[in-house]
Visitor: 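Starting off with a structure, shown below.
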Amino acid sequence: MGKPHPLELRQRVVAHVDAGNTHTSAAARFDVSIKFVNDMVKLKRETGSLSAKPQGNRGLGKLKPHADWVRSQVDAKGEITLDELVVLLADEKQITVHRSSVGRLLQRLGLTHKKRPASA
């Protein structure tokens with residue numbers, strides 16, 4: 001994810017528009033997109049501030065409330081695959097998630113898992 005534009009640039013763009021100039025001229029003068037100018041003017045109007053909104057995931061997700069349950073399943077069954085955990089979550093908790101989400105949860109919990117099902 002990219003970094004937000006500096007606060008000083010945001011302030012200068014909005015000040016240019018507030019001085020009676022068009023959004024297009026502000027975009028050309030400060031070498032930004034017209035959408036950025038529109039977004040900054042709207043942000044200033046709605047919030048009174050030009051500070052950047054927080055970016056990224058806040059650690060909230062479907063699996064966080066069920067972390068203890070997942071840990072108990074791994075502890076009880078020993079070696080369990082990600083696919084088996086996905087099926088268990090769907091069957092017992094009615095949660096549809098991708099196996100990579102389960103893998104990331106296991107990493108956060110410090111748990112290991114079996115990488116592949118046993119070959120026949």
Visitor: Calculate, to the nearest 0.5 Å, the distance between atoms CG and CD1 belonging to D75 and I80 respectively.
Guide: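 It comes to 11.0 Å.
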Visitor: If you look at every heavy atom in V32 and A26, which pair is closest and at what distance?
Guide: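 So the two residues come closest at CG2-O, 4.5 Å.
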Visitor: Work out which heavy atom in A67 is nearest to a heavy atom in L105; give both atom names and the distance.
Guide: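 That closest heavy-atom pairing would be CB-CD1, 4.1 Å.
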Visitor: How would you list, by chain and number, every residue that makes a salt bridge (charged side-chain N to carboxylate O under 4.0 Å, His left out) with K42, sequence neighbours excluded?
Guide: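 Listed in chain order: nothing, the list is empty.
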Visitor: Taking atom CZ of R104 and atom CG of L82, what is their separation to the nearest 0.5 Å?
Guide: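 Going from CZ on R104 over to CG on L82, the span is 11.0 Å.
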Visitor: Does anything in residues 64-101 form a ring pair (Phe, Tyr, Trp, His ring centres under 6.0 Å)? List the pairs, not counting sequence neighbours.
Guide: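 Every pair satisfying ring pair (Phe, Tyr, Trp, His ring centres under 6.0 Å) with a residue in residues 64-101: there are none.
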Visitor: Could you go through residues 86-96 and list every donor-acceptor pair under 3.5 Å that involves a side-chain atom there, pairing it with any protein atom two or more places apart or in another chain?
Guide:
from: Q94; atom 1: NE2; to: D91; atom 2: O; distance (Å): 2.9

Visitor: Only pairs at least two apart or in different chains count here, so list each salt bridge (charged side-chain N to carboxylate O under 4.0 Å, His left out) that has a residue in residues 29-41.
Guide: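 Every pair satisfying salt bridge (charged side-chain N to carboxylate O under 4.0 Å, His left out) with a residue in residues 29-41: K35-D39.
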Visitor: Is there a path from L63 to L109 through hydrophobic residues (I, L, V, M, F, W, Y) whose side chains come within less than 4.5 Å of each other?
Guide: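 As far as the 4.5 Å side-chain criterion goes, L109 and L63 are connected within one cluster.
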Visitor: Which pair of heavy atoms, one from G2 and one from Q55, lies closest together, and at what distance?
Guide: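 In this case the closest contact between G2 and Q55 is O-OE1, 3.0 Å.
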Visitor: Report the C-alpha separation of R71 and V74 in whole Å, then their side-chain angles, then the decisive distance to 0.1 Å, and conclude whether the side-chain contact (heavy atoms from CB on, under 4.5 Å) test is met.
Guide: CA-CA 5 Å; R71 182 185 298 276; V74 172; 5.9 Å; no
Visitor: Restricting to side chain to side chain contact (heavy atoms under 4.5 Å, CB included), what partner residues turn up for S51, sequence neighbours left out?
Guide: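 Residues passing side chain to side chain contact (heavy atoms under 4.5 Å, CB included) with S51: S49.
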Visitor: Indicate yes or no for a side-chain donor-acceptor contact from T47 to the backbone of K44 under 3.5 Å, with no hydrogens or angles considered.
Guide: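 It does not hold such a pair.
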Visitor: Identify every side-chain donor-acceptor pair in residues 5-18 under 3.5 Å, counting partners at least two apart or on other chains, and give the distances.
Guide:
from: R10; atom 1: NE; to: H5; atom 2: O; distance (Å): 3.0
from: R10; atom 1: NH1; to: L50; atom 2: O; distance (Å): 3.1
from: H16; atom 1: ND1; to: N21; atom 2: ND2; distance (Å): 3.4

Visitor: By side-chain hydrogen bond (donor to acceptor under 3.5 Å, both in side chains), which residues pair with S72, not counting sequence neighbours?
Guide: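 S72 satisfies side-chain hydrogen bond (donor to acceptor under 3.5 Å, both in side chains) with no other residue.
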Visitor: About how many Å separate CG of L106 and CG of L111, when rounded to the nearest 0.5 Å?
Guide: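 The CG atom of L106 is 5.5 Å from CG of L111, to the nearest 0.5 Å.
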Visitor: When rounded to the nearest 0.5 angstrom, what distance separates CD in E84 from CZ in R99?
Guide: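 Reported to 0.5 Å precision, the distance equals 10.5 Å.
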